[in-house]
Student: 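Dropping the structure in here first, questions after.
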Protein chains: 2
Amino acid sequence: MAQPPARTLTRECIATAALRVLEREGLAGLSMRKVAAEVGAQAASLYWHVRNKEEILDLLGDAIIADAEVPPRTGDWREQYLEYGRRYRALLLAKRDAAKVVAGRLSTGPRVLAVLEDQLDRLREAGFTDADAAMASYLLSAYVQGFVLQEQSPLSATEAAGAGRGQAAREAGDVFRALPAEDYPNLVALADDLTDPDMDTRFEFGLQRIADGLAALLT
Amino acid sequence: MAQPPARTLTRECIATAALRVLEREGLAGLSMRKVAAEVGAQAASLYWHVRNKEEILDLLGDAIIADAEVPPRTGDWREQYLEYGRRYRALLLAKRDAAKVVAGRLSTGPRVLAVLEDQLDRLREAGFTDADAAMASYLLSAYVQGFVLQEQSPLSATEAAGAGRGQAAREAGDVFRALPAEDYPNLVALADDLTDPDMDTRFEFGLQRIADGLAALLT
DNA sequence: CGCAGCCCCTAACACTGTTAGGGGCTGCTC
DNA sequence: GAGCAGCCCCTAACAGTGTTAGGGGCTGCG
């Protein structure tokens, strides 16, 4: 790692390096020094191209969305809206800690704007009010971000060592089943439903409800 | 601050102290040393009662939800479901950075479980399948968390100095309006709708759509 | 009395983001 | 060609972070 001349480093160069560090070490392990080392430079050198670590996170947010592809323009607006949601979730699941990076960050990178533009175009074409189209778009991204964040959140402090997806769900199931049934009858009864590790259908459920609710606006 | 004998410190004591520090300094400014100082102790002393900083954040998550109140049991399930969402959002807005604390954290504190238990009870009583009730509950919390997180996220690196709520929205509006209209016709046209600072009605919009979608399951 | 144990301390470790200041290297101007 | 401005990267340091090791007062029990 770290080629000696290293080529003059740019913001894009820093962004892709940060992306590699993020993939390797996770968001908590992402430091200025490590990003700098990844491009063969010193930490302080980054500050010539970037104001903050925060600005690097902004670049990361853009880079994560960068390889988004808009769904095909076939079928009705509903199928396209659903597909937007699915692809957004897939994007957040593809890169490590992507949801946490993107969560508290309103990106205005060109790639993000292009997707948003396209999405709004289809919603208006489908017959939604301007205000409704804007809110429908906002609703979708809020749901997807919130879902993936919950989906990836470990159970309390039982975290790090846990194996992949669904591990937390199974442990949560144990917690629910162990509860006193007279105090929490519903939690005990629904323990299996609440902790079903099939996140895909759980996500799809919410997505379909939202689409249904939006469809009711068009009648 | 910091009374000399300080009384023997407990986990609850640490939790409320952490809550005060969070309110004063924000999540980024919350450190072991500051929490310790708040209870009149040294940083290392905390580790007798708590394993990690992560565990303090868990305590914080519980403490934030602690003063949740379940909505009155009047009216239909829909009104109660909506009210759950509204109160959850209000809770996250009430304490500083509460959304960020709660976001990536599956709390199993007793207060959280009690609310969940009650919520599931009402959904089942309304006629939802066990699986649907569980998913409806999950859907609501995903939406609320995602929404508040987006709602509070600053616009790119224009952050810290910005005034309160709606400031980011107004600046985002400027960004959208300044875009080339031939490349982003919809973004320019909907700039006002996209950046309407009235977050309450925006939240309500999504909430109503979700409730509509769920209602369609009961027919 | 002595001895556990609980509880808190001081000191240190490795690491973080960030800034100050210095020095090569480029390319322009006289 | 000489000098100079600027870009770009460096070393060194600062204050602060989470966390651990080890010590030392208390308490209550045998």
Side-chain angles (χ1 to χ4, degrees), chain A residues 1-18 20-22 24-61 97 100-101 104-105 154 156-157 159-161, chain B residues 1-18 20-22 24-61 97 100-101 104-105 154 156-157 159-161:
Chain A
M1 57 194 88
Q3 58 275 43
R7 211 63 268 125
T8 79
L9 73 168
T10 64
R11 288 170 63 96
E12 303 181 35
C13 176
I14 291 176
T16 69
R20 283 196 300 271
V21 175
L22 182 71
R24 187 176 352 116
E25 319 246 14
L27 180 58
L30 184 104
S31 72
M32 291 287 133
R33 285 163 171 80
K34 284 179 191 160
V35 172
E38 186 76 21
V39 298
Q42 296 303 109
S45 306
L46 298 181
Y47 286 85
W48 182 261
H49 307 270
V50 147
R51 195 179 319 154
N52 280 351
K53 180 180 184 181
E54 193 64 21
E55 199 167 305
I56 285 193
L57 291 179
D58 285 346
L59 291 179
L60 265 180
D97 281 342
K100 280 181 190 158
V101 172
R105 204 168 305 280
S156 238
E159 46 157 347
Chain B
M1 61 192 85
Q3 58 274 44
R7 214 60 272 125
T8 80
L9 73 168
T10 63
R11 288 169 64 95
E12 303 181 36
C13 175
I14 291 177
T16 70
R20 283 196 301 272
V21 175
L22 182 71
R24 187 178 349 117
E25 319 246 16
L27 180 57
L30 184 103
S31 73
M32 292 286 133
R33 284 164 171 77
K34 284 178 191 163
V35 173
E38 185 76 21
V39 297
Q42 296 302 111
S45 305
L46 299 180
Y47 287 86
W48 183 261
H49 306 271
V50 146
R51 196 179 318 153
N52 281 352
K53 180 179 184 181
E54 193 64 22
E55 198 167 307
I56 285 193
L57 291 179
D58 285 347
L59 292 178
L60 265 181
D97 282 341
K100 280 180 191 159
V101 172
R105 205 167 306 278
S156 239
E159 45 158 348

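Just so you know, these numbers come straight off a predicted model, no measurement behind them.
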Student: Give a yes/no answer on whether the side chain of Asn52(A) brings an N or O atom under 4.0 Å of OP1 or OP2 in dT18(C).
Tutor: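 Indeed, a polar side-chain atom of Asn52(A) lies that close.
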Student: Using whole Å, what does the distance between atom P of nucleotide dG18(D) and atom CD of Glu55(B) come to?
Tutor: 15 Å
Student: Can you figure out which of dT20(D), dT19(D), dC8(D) approaches the side chain of Leu9(A) most closely?
Tutor: dC8(D)
Student: Between His49(A) and Thr10(A), what is the shortest heavy-atom contact and its length?
Tutor: ND1-CA, 4.4 Å
Student: Partner of dG22(C) by Watson-Crick or G-U wobble geometry, both contacts under 3.5 Å, or none?
Tutor: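 dC9(D) is the nucleotide pairing with dG22(C).
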Student: Indicate the atoms forming the closest heavy-atom contact of Val21(A) with Val35(A), along with that distance.
Tutor: CG2-CA, 4.1 Å
Student: When you get a sec, tell me which of dC9(D), dC10(D), dG17(C) is the closest nucleotide to the side chain of His49(A)?
Tutor: dC9(D)
Student: Compare the minimum distances between each of dC9(C), dG17(C), dT17(D) and the side chain of Ser45(B), then state the nucleotide with the smallest one.
Tutor: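 So the side chain of Ser45(B) is nearest to dC9(C).
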Student: Taking CG from Leu30(B) and P from dT16(C), how many angstroms apart are they, rounded to a whole number?
Tutor: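 One finds 20 Å between P of dT16(C) and CG of Leu30(B), rounded.
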Student: To the nearest Å, how far apart are Tyr47(B) OH and dA11(C) C1'?
Tutor: 15 Å
Student: May I have the distance from Arg33(A) (atom CZ) to dT19(C) (atom P), rounded to whole angstrom?
Tutor: 13 Å
Student: Grab the CE-P distance between Met32(B) and dC8(C) for me, whole Å please.
Tutor: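 Computing the Met32(B):CE to dC8(C):P distance gives 16 Å.
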Student: For dC8(D) and Trp48(A) - does any side-chain N or O of the residue sit under 4.0 Å from the phosphate oxygens OP1/OP2?
Tutor: yes
Student: Using the closest heavy atom to pick a nucleotide of DNA chain C for each, name whichever of Lys34(A) or Ala44(A) lands nearer the 5' end.
Tutor: Lys34(A)
Student: Closest to the Gln42(B) side chain: dG17(C), dG18(D), dC9(C)?
Tutor: dC9(C)
Student: For Leu46(B) and dC8(C), give me the distance from atom CG to atom P, rounded to whole Å.
Tutor: 9 Å
Student: Could you tell me whether Glu25(B) atom CD has more than 12 heavy atoms of other residues or ligands within 6.0 Å of it?
Tutor: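 Check passes, neighbour count above 12.
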Student: Once you round it to whole Å, what is the distance between C1' of dC15(C) and NZ of Lys53(A)?
Tutor: 12 Å
Student: Between Lys100(B) (side chain only) and Ala28(B) (backbone N and O only), is there a donor and an acceptor less than 3.5 Å apart?
Tutor: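 Not at all, since once roles are kept as given, no pair shorter than 3.5 Å links the two residues.
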Student: Taking the side chain of Ala41(B) as heavy atoms from C-beta outward, which of dG18(D), dC9(C), dT19(C) is closest to it?
Tutor: dC9(C)
Student: Do you know which two heavy atoms are closest between Glu38(B) and Ala17(B), and how far apart they sit?
Tutor: CG-CB, 3.7 Å
